[in-house]
Amino acid sequence: METLEFQAEARQLLQLMVHSIYSNKDIFLRELISNASDALDKLRLAKLQDGLEADTSDLHIEIEADTEARTLTVRDNGIGMTRDEVVELIGTIAKSGTAELLTKLKEAKESPELIGQFGVGFYSTFMVADKVTLVTRKAGTEGHGTRWESEGAGTYTIDDAPDVPIGTTITLHLRPKDEDDALYDYTDEWKIKEIVKRYSDFISFPIRKGDEVLNSQKALWARPRSEVTDEEYHQFYRHISHDWTDPLEIINMKAEGTFEYEALLFIPSRAPHDLFQRDARRGLQLFVKRVFIMDDSKELIPDYLRFVKGVVDAADLSLNISREILQQDRHIQMIRRRLVKKVLSTIKDLMSSNPEKYATFWREFGRAVKEGLLSEPDNHKPILEIASFATTHGSEPTTLAAYVERMKEGQEEIYFLTGESRSQVENSPHMEAFQAEGYEVLILTDPVDEIWVDAVPEWDGKKLRSIARGAVDLKKDEEEKEPEGDFGPLLGFLKEKLDERVKEVRLSHRLTTSAACLVSDADDITPALEKMYRAMGQEGPRVKRILELNPNHPLVTGLRAAHERGAEDAALPDTAELLYGTALLAEGGDLDDPARFAKLLADRLAQTV
Ligand code: ADP
């Protein structure tokens with residue numbers, strides 16, 4: 001027998017379980033049954049796909065309770081585990097992001113949602129037991145099995161176990177009941193039945209206690225919606241998603257005819273912590289005629305809808321279908337298109353039927369959905385229809401349709417400005433004339449916004465237009481404008497002095513209070529995008545921008561006067577640099593040489609005190 005230590009993170013998690021930060025302890029049984037059900041699925045699949053020799057004629061889960069000995073046993077005749085697998089799967093937490101979540105958990109104390117995100121599974125047994133024994137033998141192996149035991153502290157023991165059947169048996173040595181602490185008598189027949197009925201009724205294998213089968217085993221997606229309670233859907237959602245919170249929306253689909261399938265999809269009500277991590281689990285579960293085939297089937301749902309959970313049961317696929325075949329299967333592609341259409345139209349319906357739910361959806365998943373504007377040009381329209389954006393028109397996000405309805409007379413384009421935060425965008429010099437003239441501007445602050453705006457030229461016949469790009473002319477009245485001619489020599493001088501940094505210097509029609517700002521040429525990439533490319537390790541040429549001056553600003557008129565008095569004035573080049581640097585800072589940009597800028601500014605200030 002060997003005594004081993006839990007990995008540090010596993011130890012922390014166990015601690016949390018033992019000190020039961022979690023008020024609903026009943027769920028430990030759901031977790032054990034869920035694991036057992038997965039193990040049965042895996043055994044059936046190994047036989048089907050890998051030709052493993054195994055008896056799958058009576059796959060089931062068995063519960064035994066001993067009131068005297070205060071033990072509860074859950075047994076399955078599924079795939080089982082090897083000794084190495086027990087050490088790896090039960091002794092460690094391999095999942096990414098767990099460390100991060102643990103820290104959060106400790107801060108949050110009572111936070112079932114966070115635990116739900118873990119799928120703490122097996123460890124939840126230590127909420128109700130002071131000792132847990134697991135005996136298992138892997139299908140396809142000969143001889144002895146493995147016995148694992150722990151009291152939930154820092155260590156566990158592991159040993160060979162002779163005469164063990166295929167599958168896994170988990171025995172909980174229950175703590176004394178303490179109903180004040182929601183710790184019930186889990187050997188009680190009624191309690192067990194209640195928990196199974198509530199959390200595990202849909203499990204497709206029989207859950208037996210003695211001669212009795214405790215669950216109905218009905219595949220939820222095959223039952224008419226009217227016959228299934230929300231509670232049943234929610235428990236099923238938890239089983240497949242490991243998410244504690246109830247889903248925001250449930251979608252049923254059924255197609256008959258040449259290619260039959262049923263789907264049951266869930267839109268979660270909160271984004272998982274790893275929504276933007278590459279290695280996160282995504283995709284749907286694929287079944288063929290009620291038989292589980294695979295998890296995380298990415299072929300069924302595009303990446304930008306990766307948060308959608310659920311099951312697709314296709315009647316006409318082969319049980320042996322592999323991932324490679326799946327990728328090319330025409331029917332799968334067709335299902336995928338239909339699922340996308342259905343998810344998008346469900347969200348669209350929510351916008352009018354339940355604006356609050358829609359707002360939650362967009363807050364949680366909008367950033368992911370917008371990636372679809374890049375990957376699925378065919379779906380620009382339905383995606384933009386369900387999108388909403390922060391705007392200078394009030395604090396609530398707006399749809400594009402609502403924006404267009406509010407457009408000013410004569411306005412032909414949809415204006416937006418990208419940036420890192422709302423306040424940075426709102427206070428950007430580019431915004432001045434738009435605000436002064438009462439034009440609404442969309443405020444786009446997600447990193448993906450920088451990219452999709454280039455991929456989507458227009459919406460509803462209106463061009464999408466960055467107000468930090470190209471020339472802007474909001475004043476229709478020519479009389480009000482400064483003649484460029486008077487500024488000609490100054491503009492030429494500045495262009496020469498700032499030649500390395502700007503491609504043009506011109507008068508601006510977009511400034512009301514600032515002296516200067518920088519704009520990108522209509523076809524050039526923006527500095528934010530340039531920065532993103534550089535962050536990804538792609539070194540491109542630096543794109544020069546255009547310096548625009550406010551002809552009504554005293555600094556600019558003063559500069560013109562100084563330049564007229566004498567172009568040789570030694571202070572002028574420094575002023576040019578200060579002007580450029582201030583424009584860059586005002587939009588939240590980064591100076592090339594901040595120390596030099598600070599010195600120029602200090603010297604100049606010193607002359608005024
Ligand atoms: P999760 O189920 O979320 O992966 P658990 O801690 O509950 O996390 O289980 C860890 C792993 O241990 C499972 O993914 C599975 O591989 C294995 N395991 C747990 N219970 C069983 C079982 N009854 N039969 C076979 N393997 C199991």
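Just so it is clear, the model here is predicted, and its values are computed rather than measured. Start at 1 and go down the list; that is how both ligands and their atoms are numbered.
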**Q.** Options Met81, Glu31, Glu85, ranked by nearest heavy atom to atom 26 (N) of ligand 1, top entry
**A.** Met81

Q | Proximal atoms of ligand 1 relative to Lys42 (non-hydrogen, under 4.0 Å) | A | 16 (O)

**Q.** Salt-bridge criterion met for Glu262 and Lys254 (N-O under 4.0 Å)
**A.** yes

Q. Under a 4.0 Å heavy-atom limit, does Asp76 contact ligand 1 with its side chain, its backbone, both, or neither?
A. side chain

Q. Would the Phe389 and Trp452 ring centres measure less than 6.0 Å apart?
A. yes

(Q) Below the 3.5 angstrom mark, is there an N/O of Thr168, backbone or side chain, next to an N/O of ligand 1? (A) yes

Q | Lys/Arg-Asp/Glu bridge criterion (N-O < 4.0 Å) met for Arg147, Asp160 | A | no

Q) Among Leu43, Leu89, Leu13, whose heavy atom sits nearest atom 15 (C) of ligand 1? A) Leu89

Q: Please find out if less than 6.0 Å separates the ring center of His60 from that of Phe205.
A: no

(Q) Taking Lys177 first and then Glu179, would you say they form a salt bridge - that is, a charged N and a carboxylate O separated by under 4.0 Å? (A) yes

